[in-house]
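Heads up: the structure comes next, in structure tokens.
For this chain, numbers begin at 1 and follow the sequence in order. Each ligand, and each atom within it, is numbered from 1 in the order the structure gives.
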Amino acid sequence: MIAIGSDHAGYGLKQTVIQHLEDLGIAFNDYGTYSSMSCDYPDFAEAVCQAVMKGQADKGILICGTGIGMSMAANRHKEIRAALCDNCYSAKATREHNDANVLCMGARVLGEGLALQIVDTFLETEFSNGANHVRRIGKMS
Ligand code: RB5
């Protein structure tokens with residue numbers, strides 16, 4: 001299960017990602033926002049992070065204009081490892097090395113095609129479980 005959320009700036013890309021998840025048959029819950037009316041990104045970061053922390057979702061996807069505000073808000077939670085990605089290399093590496101559980105993207109930064117490839121890479125890539133990576137993640141919590 002994927003928890004997805006955005007602010008107004010990320011709304012259009014969120015709808016595109018949702019359509020993509022539906023096409024792939026990947027289950028998701030949409031935590032809003034539900035229109036392009038101006039709103040506050042921390043509210044949606046909080047909803048998605050709560051879903052991940054409560055085990056209601058395996059991973060989260062958060063989208064705002066830059067992805068930066070969402071990643072700042074998400075990473076205030078001890079159990080959340082949110083990665084702001086603008087390329088597929090980072091999306092793969094952050095899953096393998098950081099066991100990132102939330103993907104953040106900037107709708108004003110990325111084209112839709114690249115954004116969907118980043119989503120696919122993030123969701124398909126497993127954590128390496130390497131002892132060095134487990135140790136480093138442990139030092140963050
Ligand atoms: C909204 O204008 C914009 O500030 C927000 O989407 C995000 O980019 C903040 O980090």
Side-chain angles (χ1 to χ4, degrees), residues 1-130 132-141:
M1 176 65 69
I2 304 301
I4 187 166
S6 76
D7 70 355
H8 55 290
Y11 173 71
L13 181 57
K14 174 170 70 70
Q15 299 314 110
T16 300
V17 172
I18 283 173
Q19 182 62 58
H20 184 65
L21 296 176
E22 283 177 348
D23 291 346
L24 295 174
I26 296 174
F28 66 89
N29 277 324
D30 180 3
Y31 289 87
T33 187
Y34 303 112
S35 79
S36 52
M37 191 182 304
S38 183
C39 59
D40 299 337
Y41 58 82
D43 298 339
F44 305 94
E46 185 64 25
V48 165
C49 289
Q50 287 296 335
V52 172
M53 291 188 293
K54 289 174 182 164
Q56 296 164 348
D58 309 302
K59 294 189 184 76
I61 298 174
L62 287 168
I63 305 169
C64 63
T66 59
I68 296 170
M70 284 295 197
S71 63
M72 288 179 170
N75 277 318
R76 296 181 71 82
H77 301 90
K78 195 174 163 187
E79 303 93 332
I80 296 295
R81 293 175 301 283
L84 172 57
C85 294
D86 63 6
N87 64 81
C88 292
Y89 177 86
S90 295
K92 185 169 187 284
T94 197
R95 286 289 307 126
E96 289 177 341
H97 293 206
N98 314 123
D99 197 16
N101 52 10
V102 173
L103 169 65
C104 301
M105 297 189 294
R108 294 173 177 164
V109 179
L110 296 170
E112 287 187 352
L114 177 55
L116 296 183
Q117 284 189 354
I118 290 170
V119 168
D120 289 347
T121 303
F122 186 84
L123 297 183
E124 287 166 4
T125 306
E126 297 294 329
F127 178 47
S128 71
N129 258 308
N132 52 342
H133 298 308
V134 171
R135 182 182 66 249
R136 291 162 190 162
I137 290 167
K139 287 188 176 186
M140 291 194 288
S141 49

Practice task
Kindly state if atom 4 (O) of ligand 1 has a protein heavy atom within a strict 4.0 Å cut-off, that is, under 4.0 Å?
Solution key: no
Completion exercise
On a heavy-atom basis, the closest approach of Gln56 and Met1 is O-CG, 3.3 Å
Practice task
For Met72 and ligand 1, answer yes if some heavy atom of the residue is under 4.0 Å from a ligand atom, otherwise no.
Solution key: no
Completion exercise
The closest protein heavy-atom partner of atom 9 (C) of ligand 1 is Tyr41 CE2, 3.5 Å
Practice task
Consider ligand 1: state whether an atom of it lies below 4.0 angstrom from any non-hydrogen atom of Arg108.
Solution key: yes
Fill in the blank from the handout: Distance col, row Cys85:SG vs Leu103:CG, nearest 0.5 angstrom, shows 5.5 Å
Problem - Residue Gly65 vicinity, atoms of ligand 1 by number, heavy atom under 4.0 Å - result: 5 (C), 6 (O), 7 (C), 8 (O)
Handout entry: Rounded distance [0.5 Å steps], NZ in Lys14 versus CE in Met105
Key = 12.0 Å
Practice task
Give the numbers and elements of all ligand 1 atoms closer than 4.0 Å to a heavy atom of His8.
Solution key: 1 (C), 2 (O)
Problem - Close-contact set for ligand 1 against Ala9 heavy atoms, below 4.0 Å - result: 6 (O)
Practice task
State, without any angle test, whether His20 and Asp120 hold a side-chain donor-acceptor pair at a distance under 3.5 Å.
Solution key: yes
Exercise for the section: Starting from atom 10 (O) of ligand 1, find the nearest protein heavy-atom neighbour and note its residue, name and distance. Expected result: Gly69 N, 2.9 Å
Practice task
Consider only side-chain N and O atoms of Ser128 and Glu96, and report whether a donor and an acceptor are under 3.5 Å apart.
Solution key: no
Exercise for the section: Measure the spacing between CG of Asp43 and CD of Glu46 and express it to the nearest 0.5 Å. Expected result: 8.5 Å
Practice task
Look at atom 7 (C) of ligand 1 and say which protein heavy atom is nearest, naming residue and atom and giving the distance to 0.1 Å.
Solution key: Cys64 SG, 3.4 Å
Exercise for the section: Would you kindly specify which portion of Asp7 sits under 4.0 Å from ligand 1, judged on non-hydrogen atoms: side chain, backbone, both or neither? Expected result: side chain
Exercise for the section: Ignoring hydrogens and angles, state whether a donor on the side chain of Asn98 or Thr94 is under 3.5 Å from an acceptor on the partner side chain. Expected result: yes
Problem - Shortest protein contact, atom 8 (O) of ligand 1 (heavy atom only) - result: Thr66 N, 2.9 Å
Exercise for the section: State the CE-OG1 distance between Met72 and Thr66, to the nearest 0.5 angstrom. Expected result: 8.0 Å
